Peer 1: 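Sending over a structure as structure tokens; questions will come in a sec.
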Amino acid sequence: YKFWQTQPVGKLGDKEKIEKEGPFKEIDIEQVRKEPYPMADGFEWVTMDLLDEEELKEVFELLYGHYVEDDEAMFRFNYSKSFLKWALRSPGWKRDWHVGLRATQSRKLVAFISAIPVDLRVRDKVLKASEVNFLVVHKKLRSKRLTPVLIKEITRRCYLEGVFQAIYTAGVVLPKPISTCRYFHRSIDWQKLHDVGFSPLPKGSKPSYQVRKYQLPDHTATKGLRAMEHKDIDAVHDLLTRYLRRFDMSPEFSKEEIEHWLLHKPKEFEEQVVWSYVVEDPQTKSIYDFFSFYCLESSVINNPIHTNVRAAYLFYYATETVFFPDSSREDLKTCLNALINDALILAKKYKFDVFNALTLQDNALFLDQQKFGGGDGQLHYYLYNYNANPIAGGVDARNNVDEAGSGVGVVML
Ligand SMILES: CCCCCCCCCCCCCC(=O)SCCNC(=O)CCNC(=O)[C@H](O)C(C)(C)COP(=O)(O)OP(=O)(O)OC[C@H]1O[C@@H](n2cnc3c(N)ncnc32)[C@H](O)[C@@H]1OP(=O)(O)O
Ligand SMILES: Cc1c(COc2ccc(F)c(F)c2F)oc2cccc(OCCCNCc3cccnc3)c12
């Protein structure tokens, strides 16, 4: 019984072009089970209340000990409580979509899966979809087929809300990725990355050469660059909405979502999760560009010197450059290199060790020039119950950056 064969996800190997893109399973809400799926003896479903500090802490601890690791089990994502509040309590969030599994006796939280709502455009269609993330099963309960049940349960809860499509990413290959992007990293503190075993010393090089290669100025260079403020929400919303239309797949953000995802609120988040900067024309005061990055640390497993790597991840950005009459790809390349170089300088200022980016959006235009190195990880994008032709992930057949760029405009956390 292969879980995937019963799910509306295209079979592996479909190579022919899909004529008509769209859902391929019509769901009748009347037929959807009203109560959770039966669960193995000794475990029970719970809905986590992430407004409750204690329950938020339980989800944090489960992820801290059991979430995604690299293949050599040297690092594990360390999503902070602030991050989880930001990621899971976004506009339109539903408590029912924060699904936990507890051991009945001990009450211990042993598994979790979540979803948040997103208006997702795929080419010319906009879907009321969900973004599924933070699937985790306690290490002691692995290989017991709990995952298919967790997935069925989050699916049922999405169906009950009239949501019949989902987007999700994974480092593992599952049936039918719609796109695949590659990890790229730009060292900021090379010595620390080397100490934790993340950055090897290239043959013929020396630590001092590597440190010099990645050194960055202390101050940004772009005139008019400043931190985003509440007053910039409308302008950033307008600019990003137009810019995201360049891609085959992208979210359609409301102004509330722009405020939530891009504007750091010190009172709400004791530790900062997202950094956003705008470029304001001194004369007209209009916003010509913006970029953002988020903080996601990785625990270093078993290292005598360091316990954490502080990574900045490129998030959303946009520039008016593409809308200037007869502007070229070279103009966009020049603009993005200047913006991302300033993003790197700010990441250094805020004590990040590494700046991570995928090959999606227009990232192909600056990865090389800004000294990003290709990682050995890939991020596969998936759609649930939606047949769509493949979307370029920004890498070619040999997994090198494809200058033609990518059609992916969705950044998953
Ligand atoms: C309309 C709404 C729809 C909503 C739902 C849309 C779909 C959402 C889909 C989920 C989006 C999640 C997005 C993220 O959060 S991706 C991050 C996933 N989390 C981790 O990697 C954390 C560390 N690992 C673990 O906690 C466990 O190893 C997990 C929980 C991953 C598997 O637990 P375990 O190792 O104990 O295995 P099992 O015995 O229970 O089950 C084995 C089956 O599970 C399939 N498997 C393995 N990894 C994944 C994976 N990442 N997505 C989907 N399926 C996965 C695998 O192919 C096999 O199926 P089959 O090949 O044998 O049939
Ligand atoms: C993850 C990731 C990496 C790994 O980066 C590091 C890991 C350990 C370190 F010590 C370090 F310095 C890294 F840069 O480099 C990247 C470059 C671009 C994008 C990246 O991840 C995109 C966000 C991934 N979401 C988490 C996730 C990952 C896999 C499945 N489901 C969710 C990554």
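As the structure lists them, so they are numbered: ligands from 1, and atoms in each ligand from 1. As the structure is a prediction and not an experimental result, all values here were calculated from the model.
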Peer 1: Short list, please: which atoms of ligand 1 are under 4.0 Å from a heavy atom of Asn133?
Peer 2: 15 (O)
Peer 1: Between Arg246 and Asp362, does any NZ, NE, NH1 or NH2 come within less than 4.0 Å of an OD or OE carboxylate oxygen?
Peer 2: yes
Peer 1: Is the contact between Ile113 and ligand 1 made by the side chain, the backbone, both, or neither, using heavy atoms and a 4.0 Å cut-off?
Peer 2: neither
Peer 1: Looking at CG of Leu367 and CD1 of Ile340, how far apart are the two atoms once the value is rounded to the nearest 0.5 Å?
Peer 2: 9.0 Å
Peer 1: Taking 4.0 angstrom as the limit, do Arg33 and Glu35 come out as a salt bridge?
Peer 2: yes
Peer 1: Would you list the pairs meeting side-chain hydrogen bond (donor to acceptor under 3.5 Å, both in side chains) in which at least one residue belongs to residues 117-132, sequence neighbours left out?
Peer 2: Glu21-Arg123, Asp119-Lys128, Arg121-Ser250
Peer 1: Should the proximity of Ala170 to ligand 2, defined as any heavy atom under 4.0 Å, be assigned to the side chain, the backbone, both, or neither?
Peer 2: backbone
Peer 1: So do Leu383 and Tyr168 actually touch side chain to side chain, heavy atoms under 4.5 Å?
Peer 2: no
Peer 1: If you look only at distance, which donor and acceptor atoms sit under 3.5 Å apart when one is on a side chain in residues 81-94 and the other is two or more places apart or in another chain?
Peer 2:
unit_1 : atom_1 : unit_2 : atom_2 : d
Ser82  : OG     : Glu271 : O      : 3.3
Trp86  : NE1    : His260 : O      : 3.1
Arg89  : NH1    : Leu50  : O      : 2.9

Peer 1: Any side-chain heavy atom of Ile188 sitting closer than 4.5 Å to one from Tyr214?
Peer 2: no
Peer 1: Given that the side chain starts at C-beta and the backbone is N, CA, C, O, which of these parts of Tyr67 lies under 4.0 Å from ligand 1, counting heavy atoms, or is it both or neither?
Peer 2: both
Peer 1: Donor-acceptor check, side chain of Arg95 to backbone of Thr47, threshold 3.5 angstrom: yes or no?
Peer 2: yes
Peer 1: Would you say that Ile113 contacts Val132 through its side chain, given a criterion of any heavy-atom pair below 4.5 Å between the two side chains?
Peer 2: yes
Peer 1: Run the contact test for Ala357 against ligand 2 with a 4.0 Å cut-off on heavy atoms, strictly below, and give the result.
Peer 2: yes
Peer 1: From the options Glu229, Glu259, Glu270, select the one residue that forms a salt bridge (charged side-chain N to carboxylate O under 4.0 Å, His left out) with Lys265.
Peer 2: Glu259
Peer 1: How about Tyr317 and Leu339: do any of their side-chain heavy atoms sit closer than 4.5 Å?
Peer 2: no
Peer 1: Provide the number and element of each atom of ligand 1 under 4.0 Å from a heavy atom of Arg145.
Peer 2: 38 (P), 39 (O), 40 (O), 42 (C), 43 (C), 58 (C), 59 (O), 60 (P), 62 (O), 63 (O)
Peer 1: Numbering the atoms of ligand 1 from 1, which are under 4.0 Å from a heavy atom of Ser143?
Peer 2: 34 (P), 36 (O), 39 (O)
Peer 1: Between Glu69 and ligand 1, which part of the residue brings a heavy atom under 4.0 Å of the ligand: side chain, backbone, both or neither?
Peer 2: neither
Peer 1: Give the atom numbers and elements of ligand 2 that come within less than 4.0 Å of a heavy atom of Tyr79.
Peer 2: 25 (N), 26 (C)
Peer 1: At less than 4.0 angstrom from any non-hydrogen atom of Val163, what atoms of ligand 1 do you find?
Peer 2: 1 (C)
Peer 1: With a 4.0 Å heavy-atom cut-off (strictly under), which part of Val196 contacts ligand 2: side chain, backbone, both or neither?
Peer 2: neither
Peer 1: Short list, please: which atoms of ligand 2 are under 4.0 Å from a heavy atom of Phe184?
Peer 2: 17 (C)
Peer 1: Examine the proximity of ligand 2 to Phe77 and report which part, side chain or backbone, both or neither, has a heavy atom under 4.0 Å away.
Peer 2: side chain
Peer 1: Just how far is it from atom CG of Leu201 to atom NZ of Lys206, taken to the nearest 0.5 Å?
Peer 2: 10.5 Å
Peer 1: Could you say whether the N/O atoms of Tyr159 and ligand 1 ever approach to under 3.5 Å?
Peer 2: no
Peer 1: Under 4.0 Å from any heavy atom of Gln165, which atoms of ligand 1 are there?
Peer 2: 1 (C)
Peer 1: Check Lys108 with Glu61, please: is the shortest side-chain N to carboxylate O separation under 4.0 Å?
Peer 2: no
Peer 1: Using a 4.0 Å cut-off to any heavy atom of Leu193, which atoms of ligand 2 qualify?
Peer 2: 12 (F)
Peer 1: Using a strict cut-off of 4.0 Å, indicate which atoms of ligand 1 neighbour a heavy atom of Val136.
Peer 2: 26 (O)
Peer 1: Would you kindly specify which portion of Phe134 sits under 4.0 Å from ligand 1, judged on non-hydrogen atoms: side chain, backbone, both or neither?
Peer 2: backbone
Peer 1: Run down the list Met412, Gln378, His185 and name the one with the heavy atom closest to atom 4 (C) of ligand 2.
Peer 2: His185
Peer 1: Out of Leu63, Asn385, Thr147, who gets a non-hydrogen atom closest to atom 29 (C) of ligand 1?
Peer 2: Thr147
Peer 1: Using modelled atom types only, decide if a donor and an acceptor are shared between the side chain of Thr359 and the backbone of Arg182 within a distance under 3.5 Å.
Peer 2: yes
Peer 1: What residue and heavy atom of the protein are closest to atom 9 (C) of ligand 2, and at what distance?
Peer 2: Phe198 CD1, 3.6 Å
Peer 1: Mind checking whether Thr169 has a heavy atom under 4.0 Å from ligand 1?
Peer 2: yes
Peer 1: Where on Tyr183 is there a heavy atom closer than 4.0 Å to ligand 2, on the side chain, on the backbone, on both, or on neither?
Peer 2: both
Peer 1: Could you list which atoms of ligand 2 come closer than 4.0 Å to a heavy atom of Leu358?
Peer 2: 18 (C), 19 (C)
Peer 1: With a 4.0 Å cut-off on N to O distance, would you call Asp353 and Arg310 a salt bridge?
Peer 2: no
Peer 1: I need the atoms of ligand 1 closer than 4.0 Å to a non-hydrogen atom of His66, numbered in the order shown.
Peer 2: 22 (C), 23 (C), 26 (O)
Peer 1: How are the rings of Phe134 and Tyr79 set relative to one another: parallel (under 30°), tilted (30 to 60°) or perpendicular (over 60°)?
Peer 2: perpendicular
Peer 1: Can you name the atoms of ligand 2, numbered from 1 with element, that are less than 4.0 Å from a heavy atom of Leu413?
Peer 2: 25 (N), 26 (C)
Peer 1: Would you mind reporting whether Leu225 and Phe291 have side-chain heavy atoms less than 4.5 Å apart?
Peer 2: yes
Peer 1: Contact between Val273 and Cys295 at the side-chain level, heavy atoms closer than 4.5 Å - yes or no?
Peer 2: no
Peer 1: Minimum distance, heavy atoms only, to atom 24 (C) of ligand 2: which one of Asn78, Leu379, Val309 is it?
Peer 2: Leu379
Peer 1: Distance to 0.1 Å, residue and atom name: give those for the protein heavy atom nearest to atom 31 (N) of ligand 2.
Peer 2: Thr169 O, 3.9 Å
Peer 1: Measure the distance from atom 14 (F) of ligand 2 to every protein heavy atom, then report the residue, atom name and distance (to 0.1 Å) of the closest one.
Peer 2: Asn356 ND2, 3.1 Å
Peer 1: For atom 32 (C) of ligand 2, what's the nearest protein heavy atom and its distance?
Peer 2: Tyr67 OH, 4.0 Å
Peer 1: Between Ala170 and ligand 1, is there a nitrogen or oxygen pair with a distance under 3.5 Å?
Peer 2: no
Peer 1: Hey, which atoms in ligand 1 end up nearer than 4.0 Å to a heavy atom of Pro148?
Peer 2: 41 (O)
Peer 1: Taking 4.0 Å as the limit for heavy-atom contacts, which would you say applies to Ala111 with ligand 1: side chain only, backbone only, both, or neither?
Peer 2: neither
Peer 1: Numbering the atoms of ligand 2 from 1, which are under 4.0 Å from a heavy atom of Gly171?
Peer 2: 29 (C), 30 (C)
Peer 1: So, is Leu146 polar-close to ligand 1, with some N/O to N/O distance under 3.5 Å?
Peer 2: yes
Peer 1: Under a 4.0 Å N-O cut-off, is there an ion pair linking Glu153 with Arg156?
Peer 2: yes
Peer 1: Could you tell me the separation between the CG atom of Leu240 and the CD atom of Glu257, rounded to the nearest 0.5 Å?
Peer 2: 11.0 Å
